[in-house]
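When a ligand or atom number is given, it counts from 1 through the structure's own listing order. Values in this document were obtained by computation on a predicted structure and should not be read as measured data.
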Amino acid sequence: MSKLPLPPGSTIGILGGGQLGRMLALAAGRLGFDVAVLERDADSPAGRVAAKTIVAPYDDEAALAELAAVAQVVTFEFENVPAASVLKLQALGVEVAPGSEALSVAQDRVAEKQFLNASGAPTVAFASADTAEEAFAAAHEMGAPLLMKTRREGYDGKGQRWVEHAADAGEAFRALGGVPVILEAPAEFVRELSVIAARGRDGATAVYPLAENHHEHGILRRSLAPAIATDETALQAEKIALRVLDGLNYVGVIGIELFELKDGRLLVNEIAPRVHNSGHWTQDGCEVDQFEQHIRAVAGWPLGPTAAHARVEMLNLLGEEAETWRKLAHEPETRIHLYGKRVAKAGRKMGHVNKVKAL
Ligand code: AMP
């Protein structure tokens with residue numbers, strides 16, 4: 001294990017080269033670290049601001065060995081990196097944070113809900129099914145409507161289908177590719193919130209104010225933060241975050257997506273073991289933002305303060321919306337964050353803006 005706290009001049013490895021990696025690399029640079037990115041694309045958003053890119057798939061043994069040789073600690077910006085790659089890095093003597101436990105829990109929606117409920121972080125009722133027959137039986141037992149999701153590798157609303165009648169569950173199972181699924185009871189939420197939190201190597205924790213999130217076609221469109229919420233709601237979210245962080249012996253920043261029910265109760269939808277899109281507002285609204293916080297945590301530095309100093313509306317710039325940068329650049333309240341992606345496909349996250357108002 002490397003000596004902690006990691007001194008400036010050290011190299012932090014990042015698995016994944018997308019925008020989250022880019023913003024982590026920028027924050028790391030501010031603290032005097034170098035970043036080495038492992039990413040299949042030679043021209044990635046993170047790679048273009050990193051000191052070094054190792055161009056290879058995540059499971060390339062030689063590339064993992066090269067990363068382990070240059071980096072004193074490794075983190076990831078994407079939760080679907082193979083658990084075997086993390087174990088390989090650890091076997092090579094480099095520390096990976098968050099650890100493989102957080103990764104394996106977050107990669108499987110069933111393991112995730114089992115962990116959450118066992119930790120005292122409530123979720124909707126659920127069942128798992130590995131075959132069309134099991135899906136059919138589970139849907140009859142739970143009753144429709146329900147939401148069927150693939151256990152693994154779904155994101156931004158992909159890999160999920162509503163089942164309106166229990167009799168349709170077998171067909172939905174096949175339409176999702178015949179892979180293991182989770183069946184979820186519908187959450188009758190009044191709004192979606194998220195809490196971003198961090199845990200340091202010493203077990204210290206820090207929780208950001210809540211964000212209120214609005215999605216379109218399964219993609220986050222807008223976050224308002226700090227969300228208008230009662231102290232009781234904020235306290236519930238904080239308790240959930242601490243249970244999750246401690247339960248996973250977590251190191252780094254985590255994103256926890258929540259449903260707020262009519263009666264004020266919060267349920268956890270899912271956890272992301274990384275910096276999170278709904279935490280981008282912290283860049284211009286908080287004392288220390290989620291990206292610096294994550295770097296501080298994995299480098300063994302003390303966590304920074306999370307208090308908000310402004311109210312922020314974060315808007316994702318999808319596809320060609322990023323081309324409005326000329327207009328946006330005229331707005332004094334608008335902070336622009338662009339990811340340097342070369343091609344603007346429909347729905348692709350090209351950047352975001354934080355519209356800042358005094359608290
Ligand atoms: P996910 O990919 O699990 O984050 O789901 C994407 C979106 O689908 C969420 O942000 C919710 O708007 C909706 N959703 C997910 N799970 C449920 C559920 N059990 N009940 C109602 N809506 C859900």
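Remark: ligand 1 and Trp162 share no N or O pair separated by less than 3.5 Å (distance only, no angle test). At under 3.5 Å, not a single nitrogen or oxygen of Phe259, backbone or side chain, sits near a nitrogen or oxygen of ligand 1. Residue contacts with ligand 1: Pro186 is placed with no nitrogen or oxygen under 3.5 Å of a nitrogen or oxygen of the ligand (distance criterion only).
For the residue pair Arg152 and Asn80, no side-chain donor N or O sits within less than 3.5 Å of a side-chain acceptor on the partner. When only modelled atom types and interatomic distance are considered, Ser85 and Asp59 share no side-chain donor-acceptor pair under 3.5 Å. For the residue pair Asn277/His352, the side-chain donor-acceptor check at 3.5 Å is not satisfied. Side-chain atoms of His280 and Gln290 form a donor-acceptor pair, as typed in the model, at a separation below 3.5 Å.
Listed by atom number, the atoms of ligand 1 under 4.0 Å from Gln160 heavy atoms are 1 (P), 2 (O), 3 (O), 5 (O), 8 (O). Within the listing of ligand 1, atoms 2 (O), 3 (O) sit less than 4.0 angstrom from a heavy atom of Arg109. Taking a cut-off of under 4.0 Å to the non-hydrogen atoms of Ala187, the atoms of ligand 1 that pass are 18 (C), 19 (N), 20 (N), 21 (C). Proximity to Phe189 (heavy-atom distance under 4.0 Å) selects the following atoms of ligand 1: 12 (O), 21 (C), 22 (N). Atoms of ligand 1 found under 4.0 Å from any heavy atom of Glu257 (numbered from 1 in listed order, with element): 4 (O).
The proximity of Asn269 to ligand 1, defined as any non-hydrogen pair under 4.0 Å, is limited to the side chain.
No option in Arg311, Glu331, Arg222, Met314 other than Glu331 meets the side-chain contact (heavy atoms from CB on, under 4.5 Å) test with Lys355.
We find that Arg161 and Asp168 are not joined by a salt bridge, their nearest charged nitrogen and carboxylate oxygen being 4.0 Å or further apart.
For atom 9 (C) of ligand 1, the choice among His215, Glu188, Glu192, Glu184 with the nearest heavy atom turns out to be Glu192. Atom 17 (C) of ligand 1 has its nearest heavy-atom neighbour, among Leu147, Leu183, Asn213, Thr150, in Leu147.
Other residues, nucleotides and ligands contribute over 12 non-hydrogen atoms within 6.0 Å of the CG atom of Asp263.
Taking 4.0 Å as the cut-off, Gly159 does not count as a neighbour of ligand 1 on heavy-atom distance.
Looking at Gln114 and Val110, their side chains come closer than 4.5 Å, going by heavy atoms from C-beta outward.
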